[in-house]
Amino acid sequence: MAASSSSPSTREADSIDVHHEDTLKGGAYLNDPALVDALVHEAPERMNDLVRWGAVFDVTEDRQVAQRPFGGQRFPRTCYAGDRTGHELIMTLLDRLDATDAQLYQEVSVVDLVPDENGAIAGAIALDRDGSPVLFSADATVLATGGGTQVYDISTNSAAGTGDGFAMGYRAGAELIDMEMVQFHPTGAVYPYDARGRLVTEAVRGEGGILLNARRERFMEHYDPARMELSTRDVVARAIATEVLEGRGTNRGGVYLDVTHLPAETIETRLPVMLEQFLAFGVDIRREPMEVAPTAHHIMGGLRITPECRTTLSGLFACGEVSGGVHGANRLGGNALAETQVFGKRAGESAGKAPARGGRVDQTRVDGVLRMLDGFFEGAASPAAVRKDLKLTMWNQAGIFRTAPDLRTALGHIRRLADQRLCAASTANLLECCTVRNMCTTASLIVRCALLRPENRGAHVRRDATVITEPAMSPFCHTYVSLAREGIERREVAG
């Protein structure tokens, strides 16, 4: 979790202003400045909340929270708990939630947002563990559904990272921005096959891990000699992909990530999860390098929000990866966890202050969802087959390197997949059908926005597009897409 100190110290010369500058530069100046301002100013406060609630982070000898460097940071900024920081945050927040009177619904999955008769979001319709529909009515609804890179064949996301929030928001009429900006993490596992894409945390490079091609050359000196392995993720991912495409990769299509030069104690104490993960595959990273390759990781785009997390739909708020604008064209390591804490709090407070909704739930929309669910029992297409086809299409034609012909071919194929009538063998398969439907929608949003942006910027690289050497001077701003409109914002550039 990235959180900068508000004043320089002997330990670090970092500051909120530097964090702000790094985030804008790393995001190729496509970020919403107001959202970045909120992120960097409030991240230290949210970090203090976590510590106060009992989160256990690594500490320095003088008992300050330890910080390590991640790509794109001028100073070590990422607070950490070994290499399991996300897990520590989740457990701390769950403990905090248990101490409240909030009502939790376990194993209930939302399948669509529901408006009221005035068009404001009035809640959601969901499926319980038995496949029975459940209607939730609310004065305010918060989307915090996470990412969607499971639409790609190789992804770090859990099985739940299927883009449901993007798709549900789009169908409800919300506007999304910059969906073409998909971050491919440079280092995902390549072996064994079942573990492809599993995240090899940036902490490995933060602790001094180096990247080597099959010739054992430290190749990052050719791509970013100043920052080397700690360049931004988009640069490192493209460097690795280029080494592989040009024949300098391993037999399995990756490169080596080596920490064997580090003391064994450092690996055991600072990278215990990575050590355990690779030992399970028969690789002792204390003695031999890991094999890694880029893997789909994070979607920088999402629902357009204000700093108060309001979307373009009344009654609907969004925070975290499902929202867009914070990270611009490329996310810096550590900023995602910080985003969840800063904007999670903002979304909750804003939703809690929302006025009581006056309209009644639109029963026509509810009936439409119920008819869709019933229709799955009459379908013929296997959702598993459609999912596999979609993921391969996205990986092969809308991945790290893109062209307009490939993107148009992908979009046409995605639309054909979306038109297939998915089949649910029983109520237990209804959620799978809904999930694959959402994946098709999210994939189409990514490709449509990629076709809208005629430039190379951050994580978006089209071989047939204009190369922008100074992103801050680009005439292009956010891409946008909704049921009502789509396009790309432009601005006047002094010339």
Side-chain angles (χ1 to χ4, degrees), residues 58 68-73 76 78 80 82-86 153-156 183-298 333-334 395 399-400:
D58 285 35
R68 60 164 56 113
F70 268 26
Q73 299 176 358
T78 302
Y80 61 93
D83 52 357
R84 50 174 180 79
T85 310
D153 185 43
I154 304 174
S155 168
T156 64
Q183 181 175 84
F184 289 81
H185 197 286
T187 55
V190 299
Y191 177 83
Y193 184 86
D194 289 347
R196 290 181 315 148
R198 182 176 294 180
L199 181 65
V200 179
T201 173
E202 194 163 346
V204 175
R205 285 176 286 133
E207 290 296 335
I210 60 175
L211 290 166
L212 306 169
N213 61 24
R215 301 173 184 174
R216 304 293 171 142
E217 298 166 335
R218 194 175 177 185
F219 58 85
M220 280 307 300
E221 64 186 14
H222 302 301
Y223 301 92
D224 189 342
R227 296 181 293 186
M228 298 291 283
E229 285 82 7
L230 291 179
S231 184
T232 54
R233 289 177 177 177
D234 58 325
V235 172
V236 181
R238 285 196 296 274
I240 294 173
T242 300
E243 291 294 305
V244 174
L245 288 171
E246 294 182 356
R248 295 184 293 275
T250 66
N251 292 335
R252 296 189 181 108
V255 297
Y256 295 114
L257 176 57
D258 193 1
V259 293
T260 58
H261 55 285
L262 299 178
E265 182 182 5
T266 297
I267 297 170
E268 292 161 0
T269 58
R270 302 280 186 88
L271 304 169
V273 175
M274 290 297 100
L275 176 61
E276 181 181 356
Q277 175 176 308
F278 278 91
L279 282 174
F281 304 153
V283 175
D284 186 343
I285 66 174
R286 294 167 295 192
R287 297 181 175 85
E288 56 186 310
M290 299 158 260
E291 266 186 272
V292 298
T295 173
H297 182 54
H298 188 98
W395 185 258
I400 296 177

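Along the sequence shown, residues are numbered consecutively beginning with 1.
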Visitor: Does any N or O in the side chain of His261 come within less than 3.5 Å of the main-chain N or O of Gly208, such that one atom is a donor and the other an acceptor?
Guide: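 It does hold such a pair.
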Visitor: Can you confirm whether the side chains of Thr295 and His185 place a donor and an acceptor under 3.5 Å from each other?
Guide: no
Visitor: So, Thr78 side chain and Gly334 main chain: donor-acceptor pair closer than 3.5 Å or not?
Guide: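 No, the answer is negative, given that no donor and acceptor are paired below the 3.5 Å cut-off.
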Visitor: Apply the side-chain contact (heavy atoms from CB on, under 4.5 Å) test between Ile267 and each candidate in Val204, Asp284, Val259; give the one that qualifies.
Guide: Val259
Visitor: If I compare all heavy atoms of Gly72 with all of Arg227, which pair ends up nearest, and what's the gap?
Guide: CA-NH1, 4.0 Å
Visitor: What pairs with Glu276 under salt bridge (charged side-chain N to carboxylate O under 4.0 Å, His left out), at least two apart in sequence or on another chain?
Guide: none
Visitor: Listed by chain and number, what are the side-chain hydrogen bond (donor to acceptor under 3.5 Å, both in side chains) partners of Glu268, not counting sequence neighbours?
Guide: Arg286
Visitor: If you look only at pairs with a residue in residues 211-220, which of them pass as a salt bridge (Lys or Arg N to Asp or Glu O under 4.0 Å), with sequence neighbours excluded?
Guide: Arg218-Glu229
Visitor: Just to verify, which of Leu212, Asn213, Val292 counts as forming a side-chain contact (heavy atoms from CB on, under 4.5 Å) with Tyr256?
Guide: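 It is Leu212, the one option of Leu212, Asn213, Val292 that forms the side-chain contact (heavy atoms from CB on, under 4.5 Å) with Tyr256.
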Visitor: What is the distance from atom CG of Leu279 to atom CD of Gln277, rounded to the nearest 0.5 Å?
Guide: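 Between atom CG of Leu279 and atom CD of Gln277 there are 10.5 Å.
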Visitor: What are the two closest non-hydrogen atoms of Val236 and Met228, and how far apart are they?
Guide: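 So the minimum-distance heavy-atom pair works out to CG2-O, 4.4 Å.
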Visitor: Looking at every non-hydrogen atom in both residues, tell me the closest pair between Ala214 and Gly249 and how far apart they are.
Guide: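 Here Ala214 and Gly249 meet closest at CB-O, 3.3 Å.
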Visitor: What side-chain donor-acceptor pairs closer than 3.5 Å can you find for residues 189-196, not counting sequence neighbours?
Guide:
residue, atom, partner, partner atom, Å
Tyr193, OH, Arg196, NH2, 3.3
Arg196, NE, Tyr193, O, 3.4

Visitor: For the side chain of Asp83 and the backbone of Thr201, is there at least one donor-acceptor N/O pair under 3.5 Å apart?
Guide: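 No.
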Visitor: Quick test of your reading: applying salt bridge (Lys or Arg N to Asp or Glu O under 4.0 Å), list the pairs with at least one residue in residues 249-267, sequence neighbours left out, ordered by first then second residue.
Guide: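 Of all non-adjacent pairs touching residues 249-267, those that pass salt bridge (Lys or Arg N to Asp or Glu O under 4.0 Å) are Arg252-Glu291.
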Visitor: Could you tell me which non-hydrogen atom of Glu207 sits nearest to which non-hydrogen atom of Thr266, and how far apart they are?
Guide: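 So the two residues come closest at OE1-CG2, 4.3 Å.
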Visitor: Quick one: OH on Tyr223 to CD on Glu243, what's the gap to the nearest 0.5 Å?
Guide: 3.5 Å
Visitor: Nearest 0.5 Å, what's the CZ-CZ distance between Arg248 and Phe219?
Guide: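 Arg248 CZ to Phe219 CZ: 9.5 Å, rounded to 0.5 Å.
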Visitor: Please report the closest heavy-atom contact between Gly82 and Arg68, naming both atoms and the distance.
Guide: O-NH1, 2.9 Å
Visitor: With Thr242, which residues qualify under side-chain hydrogen bond (donor to acceptor under 3.5 Å, both in side chains), at least two apart?
Guide: none
Visitor: If you compare all heavy atoms of Ile400 against all heavy atoms of Ala241, which two are closest, and at what distance to 0.1 Å?
Guide: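 Of all heavy-atom pairs spanning Ile400 and Ala241, the closest is CD1-CB, 4.1 Å.
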